[in-house]
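All chains are named by letter (A, B, ...) in the order of the sequence lines, taking the proteins before the strands, and each is independently numbered beginning at 1.
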Number of protein chains: 2
Amino acid sequence: MTLASLDNEPSSRDRILDVAESLFARRGYAGVGMKEVADGASLGKSSVFHHFKSKAELYSAACVRILGAFEDRLLRSLAEGGTPSVRLERCIGDLIDVLVAHPTHARLLLRSLFEDDDLPQDGPEGAAVYGSIQNIMGPMAKLLREGMSAGEFRLASVSHVLLLLIGPIVFPFASGDFGEQLLGKDVFDPAQVRRIKGELLDLVRVGLSAPNNAREE
Amino acid sequence: MTLASLDNEPSSRDRILDVAESLFARRGYAGVGMKEVADGASLGKSSVFHHFKSKAELYSAACVRILGAFEDRLLRSLAEGGTPSVRLERCIGDLIDVLVAHPTHARLLLRSLFEDDDLPQDGPEGAAVYGSIQNIMGPMAKLLREGMSAGEFRLASVSHVLLLLIGPIVFPFASGDFGEQLLGKDVFDPAQVRRIKGELLDLVRVGLSAPNNAREE
DNA sequence: AATCGGTCCGACCGATCGGTCGGTTTTCTG
DNA sequence: CAGAAAACCGACCGATCGGTCGGACCGATT
């Protein structure tokens, strides 16, 4: 590691990642040029290619970084213990906190989940993205299963509920102008975040709670 | 109108729109070239520019078309009457039906909602997109308000709930490979659609229902 | 037959794309 | 201080980008 890592100034590599993250989030993979990234990081284009050998690798690296942040927070949140419903609500809240802390994250996360064509799909970088997603979805699924067998959640298909939960967690903070227009205020305003989080937790708390009867698996 | 409109074969303009819709949905605005669209429609690039004077206009036109389909279905669904909760569940189900009927719709819809930079933002085309979105969100908000004052839904912030509902409706059918991997089966498989729809409606039915007490506005 | 509007196309334009290369400067290390 | 390694950059490459232009082809009108 260089001396810069002891300073508060980020290394060139991190600066590139920061810029790339924000640009990719806003305009997607194809919408961003390497020149633009280089300019944003105050570097020549060749220097960007020195740190990342291709555009696809840079994109993957940016995705891996934010997915890692998610993974860290989620695993830490899950480790804190409590009943399944307590843990579920806490970890949804924490995930939203991560999204809010870095406004570009939600969009890039959403993109990495639903844009298949951009990612390399294979190679070490693609595997890292894939693994991170697994490491996030796996424990969430486990948590839901635990809650169901403990009788706290109503019985439902875990994978379908999981697929259903991603949308309301991520989309509001990826919605940009649309969300701002709908709410009349900035989605990332603390008061709005609190409101969104509250509504979502209410919905999940009640919507997933077990009725007195049980249905299908 | 030409004679082709009487045939079952779609006009060149419609063919272009079909191709553009599918390509834009998959790779986003910047990820699609006009040459690609032209090839897909079995036309020369110049011919595409004859029907749509710019790429931005083509993109807007594609968005307007799918938003219009949504709007139509939603308004028809809402007009059928019933209690607010019946109408809400029916129209969520119908919206999902539209998404499922045209697998590319969900992705393009999601993009048009959260990618601000692509759309022209102004001009007649941008206004049409904007208006369509308004025509969809407005009645939905009205429906929620009615349900709350009728005591069927719990009291909540309409706009926040609305923002929250979009995610679980649209995302599952835009999730592509990710969703397929999570479920182990194609998201658009009728059985899976039924399952997703069921889980979502369960979640909404219970999660929005009014408890015996009321809270904030 | 002449003409006209609509449709279509090949060729072309300047700009930008991702990426390479050779060489210079900076920084770490022995 | 010498030398290696890492970081950086300007110039350049072929390909592709969105878009234009002049003209060819067509069925319908007069």
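In terms of polar N and O atoms assigned as donor or acceptor, the side chain of A:Lys55 never comes within less than 3.5 Å of the base of C:dG19 in a complementary pairing. Scanning atom types as modelled, no donor and acceptor separated by under 3.5 angstrom connect the side chain of A:Lys35 and the base of C:dG18. Interface remark: the B:Lys45 side chain does form a donor-acceptor pair with the D:dG19 base, using a distance-only criterion of under 3.5 Å.
Applying the 4.0 Å criterion to OP1 and OP2 of C:dC8, one finds that B:Ser12 has a side-chain N or O inside that range. Between A:His50 and D:dA7 there is a side-chain polar atom (N or O) within less than 4.0 angstrom of OP1 or OP2. Under 4.0 angstrom from either OP1 or OP2 of C:dC8 there lies at least one side-chain N or O belonging to B:His51. Distances shorter than 4.0 Å separate none of the side-chain N or O atoms of A:Ser46 from OP1 or OP2 on C:dT20.
In this structure, the CD atom of A:Glu57 is 14 Å from the C1' atom of C:dG18, given to the nearest Å. The CG-C1' distance, from A:Asp39 to C:dC17, rounds to 14 Å in whole Å. Rounded to whole Å, atom C1' of D:dA7 lies 15 Å from atom CG of A:Asp14. Atom CZ of A:Arg13 is separated from atom P of D:dC8 by 12 Å (rounded to the nearest Å). Rounded to an integer number of Å, the gap from CG of A:Leu23 to P of C:dG18 is 12 Å. Distance, B:Phe49 CZ to D:dC17 P: 11 Å, rounded to whole Å. Rounded to whole Å, the distance from CE on A:Met34 to P on C:dA15 is 23 Å. What separates CD1 of A:Ile16 from C1' of D:dC8 is a distance of 10 Å, to the nearest Å.
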Show which side-chain atoms of residues 133-148 of chain B pair as donor or acceptor with protein atoms under 3.5 Å away, not counting sequence neighbours.
residue  : atom : partner  : partner atom : Å
B:Gln134 : NE2  : B:Tyr130 : OH           : 2.8
B:Asn135 : ND2  : B:Glu71  : OE2          : 2.9
B:Glu146 : OE1  : B:Arg87  : NH1          : 2.9

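In terms of position on DNA chain C, the residue among B:Ser47 and A:Val32 whose nearest nucleotide sits closer to the 5' end is B:Ser47.
B:Tyr29 and B:Phe24 have parallel rings, their planes meeting at less than 30° on a 0 to 90° scale where 60° marks the start of perpendicular.
A donor-acceptor pair under 3.5 Å is formed between the side chain of B:Ser60 and the backbone N or O of B:Ala56.
There is a side-chain donor-acceptor pair under 3.5 Å between A:His105 and A:Glu21.
Nucleic acid contact for B:Val48: none, since no nucleic acid atom lies under 4.0 Å from a heavy atom of the residue.
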Problem - Test log, rule side-chain hydrogen bond (donor to acceptor under 3.5 Å, both in side chains), inputs B:Arg15 and B:Ser11 - result: CA-CA 6 Å; B:Arg15 260 173 29 231; B:Ser11 68; over 6 Å; no
